[in-house]
Amino acid sequence: MRMSQMFAPTLREVPSEADIPSHQLMLRAGMVRKTVSGVYSYLHLGCRVVRKVEKIVREEMDRQGAQEVLMPAIQSADIWRETGRWDDYGSEMFRLKDRNGREMCLGPTHEEIITVTVRDEIRSYRQLPKILYQIQTKYRDEIRPRFGVMRSREFIMKDAYSFDRDNEGLDRSYEKMYEAYCRVFSRCGVDYRVVEADAGAIGGSQNHEFMVVSEVGEDALVFCDACGYAANVERAESAKPAERVADTEKVRTGIRKISTPGMRTIEEVTGYLKVEPRVLLKTLVYVADGTPVAAIVRGDRDLNEAKLKRVLGCRELELATPEVIERVSGAPVGFTGPVGLRERIKIVADWEATVVEDAVVGANAVDAHLVGAEYGVDYTADIVADIRNVVAGDACPRCGAELCGARGVEVGHLFKLGTKYSSALGAKYLDEGGVEHPIIMGCYGIGITRTVASVIEEHHDDDGIIWPMSVAPYQAVVMPLNTSESAQVEAAERIYSELCKHGVEAVMDDRDERPGVKFKDADLIGFPIRVIVGPKHLGDGEVEVSMRRDGTVELVKIENVAVRVKEIVDRELAALMPE
RNA sequence: CGAGGUGUAGCGCAGUUUGGUAGCGCGCUUGGUUCGGGACCAAGAGGCCCCGGGUUCAAAUCCCGGCACCUCGACCA
């Protein structure tokens, strides 16, 4: 490819809409252009990188015996109604109608359609197991698209689905995908971690997320360096607090009501009473499937709605409106507490909250709190469970060591679905004894375009992108510094054609531009290897082979360049290959 | 959906307060000089000032109503 012909409009200035490095660089390097909010066109370079990542994913899926298919992006509402997700998915689904008024959607995911496809064809245990995958454009009408292709409304995803006759088979399929994912992300050159995650709306039991560690990540993670425990904070368990030792010597001050005029927030109350937030108990009123419940966590903690939802086993969970709070507590927002609620509602307490001595709680009365509240004496809970968010610094739930935190970008997710979809859609098989069973499923996603952004996020500097060899749009660029010097042009042309012959993916920067422009563009686009043909060494029959990553330069005889560059390419690719 | 912000040349922005010929830098075109880190000189092209109404002799500017985009929050395989 010749730079003079390439459709890669680079930008000198940073477009104002981008505020993370990967987004800025993808725009500046001419990889993508936005069409509408959250929807991007991939220009030549962006498309090359996407194809590289897809190729790696295909190789690793195929290596595990998965088979590629391609399902439609447009799906009928009918199958989504069968699993109940036509309603559950809500406004995040792009919905449309055909000319006959039939309801359709642009697929946000493909569990329904793959399950229906398999259900219609698979009858016998002899046809199992199967792992099918596709690389497809997905559509999700995100509330707030952001960070360029990191969170977009149209994006490319690899999704795989496994079909097994039993849980042992599912475990094997899951293992295969787990290994494939490790290999995929290693080959892409990203620093990834595998964490335990929340299953969310997709359902299912065990699941893992593959996260690329990054400060721009939208998920908070915790890790234990001592035992290897790693989890998304949505999911991370808190360590069970030490049992409270009954201190018989201690004289209880007893519970008493105090005036706290206008003090509603944790900061106001703790500031007014000169106490630590940790002795204050926050009582939050939620509405779970239409029924109000109270949830209690320590004042310095955040409630984890996913955990609360799981504990309650409810479908819908949202914070109660001020009217509901007033009705159940008898006081305005800010003074709710577990002692003396007006209405008898279910109380869920975080297990850590129940060991707080002499707690401060809302008095369920205007401008008043209670101090000296004791669990088991003054109030009790219907459920005591882990319902708070874990934070860095907490004790590891497995080994007790201190957890550390990081942020991550979710690039892959593995789910054990079980029979959720096969049961709903009637995907069954007959075993040896002629007995019918639902097929056991798993599903496995990789955000292709998000992975591209993550690679850039991890591999860039002030000048531009520093591609790992495996996903670089081109492996090398040949730069004659002055195109009016025929000797430079001739040498560069010879090198370029030899590189192509040796199978190196090369670009010839044949533009009549000043050297500075070529250097800047090469840095920005991030070709891993630059072959610089300039006046300094051409007289000796040599050119510079320079690495984008560290700027190292080696002088190479013109006739040896292709072989040398090919060596470097192969070496770098091998270094990224697992085993 | 809540709060805030921004829409002016391909990109980045000024001009809006106080209504009166639409500007700057980069990029683009042509010619010339230059050629190891985004050159210089000269001459050019390029605008529905987001859209629709209104006020006014006159609107990028004031008023009303939309739309789009961005940020924060709520939300979320």
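Predicted model, so just to flag it, every value in this text is computed and none were measured. Note on naming: letters A, B, ... go to the chains in the order of the sequence lines (proteins, then strands), and numbering restarts at 1 for each one.
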Review point. Do A/Tyr474 and A/His44 make the cut of ring centroids closer than 6.0 angstrom?
Key: yes
Review point. Does a salt bridge link A/Arg85 with A/Glu112, judged by any charged N lying under 4.0 Å from a carboxylate O?
Key: yes
Point to revise | Minimal non-hydrogen separation, A/Gln488 against A/Pro480, with atom names | key: OE1-C, 3.8 Å
Review point. Looking for any heavy atom pair under 4.0 Å, which part of the strands does A/Arg151 touch: base, sugar-phosphate only, or nothing?
Key: base
N/O-N/O pairs, protein side and nucleotides 29-34 of chain B side, under 3.5 Å:
| residue | atom | partner | partner atom | Å |
| --- | --- | --- | --- | --- |
| B/rU34 | O2 | A/Arg514 | NH1 | 2.8 |

Exercise for review: For A/Leu43 and B/rG10, give me the distance from atom CG to atom P, rounded to whole Å.
Suggested key: 17 Å
Point to revise | Over all atoms of both residues, closest heavy-atom pair of A/Ser162 and A/Tyr444 | key: OG-OH, 2.7 Å
**Study point:** Atom-to-atom span, CG of A/Asp141 to C1' of B/rA77 - whole angstrom
**Key:** 16 Å
Review point. Watson-Crick or G-U wobble partner for B/rG19, using a 3.5 Å limit on both distances?
Key: none
Check your understanding: Which comes earlier along RNA chain B counting from the 5' end, the contact point of A/Leu317 or that of A/Gln488, where each point is its nearest nucleotide?
Key -> A/Gln488
Point to revise | N-O pairing of A/Asp540 and A/Lys557 below 4.0 Å | key: no
Exercise for review: Take the protein atom NZ of A/Lys536 and the nucleotide atom P of B/rC35, then report the distance between them rounded to whole Å.
Suggested key: 15 Å
Exercise for review: Could you please name the partner base of B/rG2, counting Watson-Crick and G-U wobble pairs only when both distances are under 3.5 Å?
Suggested key: B/rC72
**Study point:** Electrostatic pair A/Arg407:A/Glu215 at N-O distance under 4.0 angstrom
**Key:** no
Revision key, fill the gap. Against the side chain of A/Arg12, the closest entry in B/rG27, B/rG25, B/rG36 is B/rG27
Check your understanding: Toward the 5' end of RNA chain B, which comes first, A/Glu142 or A/Glu13, by nearest nucleotide?
Key -> A/Glu13
Practice item. Give the rounded distance in Å between these two atoms: CG of A/Leu555 and P of B/rG36. Key: 17 Å
Practice item. Examine A/Phe210 together with A/His208 and report whether their ring centres are nearer than 6.0 Å. Key: no
Practice item. Check whether the side chain of A/Asn482 and the base of B/rG36 form a donor-acceptor pair under 3.5 Å. Key: no
Practice item. From the options B/rG36, B/rC11, B/rA77, select the nucleotide whose nearest atom is closest to the side chain of A/Tyr161. Key: B/rA77
Review point. Donor-acceptor pair under 3.5 Å: do we get one between A/Glu513's side chain and the base of B/rG38?
Key: no
Exercise for review: Mind checking A/Pro108 for me? I need base, sugar-phosphate or nothing, with any heavy atom below 4.0 Å counting as a touch.
Suggested key: nothing
Study note, to complete from the structure: Minimal heavy-atom distance between A/Val545 and A/Ile568, with the atoms involved, is CG1-CD1, 4.0 Å
Review point. Using the P atom in both, what is the distance from B/rG2 to B/rG53, to the nearest Å?
Key: 28 Å
Practice item. Specify the separation, in whole Å, of atom CG of A/Leu27 and atom C1' of B/rC26. Key: 17 Å
Point to revise | Atom-pair distance (CD on A/Glu318; C1' on B/rC76), nearest Å | key: 15 Å
Practice item. Once you apply the 3.5 Å cut-off to both distances, tell me the Watson-Crick or G-U wobble partner of B/rU61, or none. Key: none
Practice item. Please assess A/Val531 against A/Glu544 for the test side chain to side chain contact (heavy atoms under 4.5 Å, CB included), listing each intermediate value before the final yes or no. Key: CA-CA 6 Å; A/Val531 179; A/Glu544 294 168 32; over 6 Å; no
Check your understanding: Are A/Trp467 and A/Phe527 near enough that their ring centres are under 6.0 Å apart?
Key -> no
Check your understanding: Using purine N1 to pyrimidine N3 plus N6-O4 or O6-N4 for Watson-Crick, or N1-O2 and O6-N3 for G-U wobble, each under 3.5 Å, what pairs with B/rC26?
Key -> B/rG10
Check your understanding: Touch check for A/Arg33, heavy atoms < 4.0 angstrom, all strands: base, sugar-phosphate only, or nothing?
Key -> nothing
Nucleotides 67-74 of chain B: which of its N/O atoms have a protein N/O under 3.5 Å away?
| residue | atom | partner | partner atom | Å |
| --- | --- | --- | --- | --- |
| B/rC69 | OP1 | A/Ser37 | N | 2.9 |
| B/rC69 | O3' | A/Lys34 | NZ | 2.9 |
| B/rC70 | OP2 | A/Ser37 | OG | 3.1 |
| B/rU71 | OP1 | A/Asp19 | OD2 | 3.3 |
| B/rC72 | OP2 | A/Arg144 | NH1 | 3.1 |
| B/rC72 | OP2 | A/Arg144 | NH2 | 2.7 |

Exercise for review: Tell which nucleotide pairs with B/rG38, taking only Watson-Crick or G-U wobble pairs whose two distances are both under 3.5 angstrom.
Suggested key: none
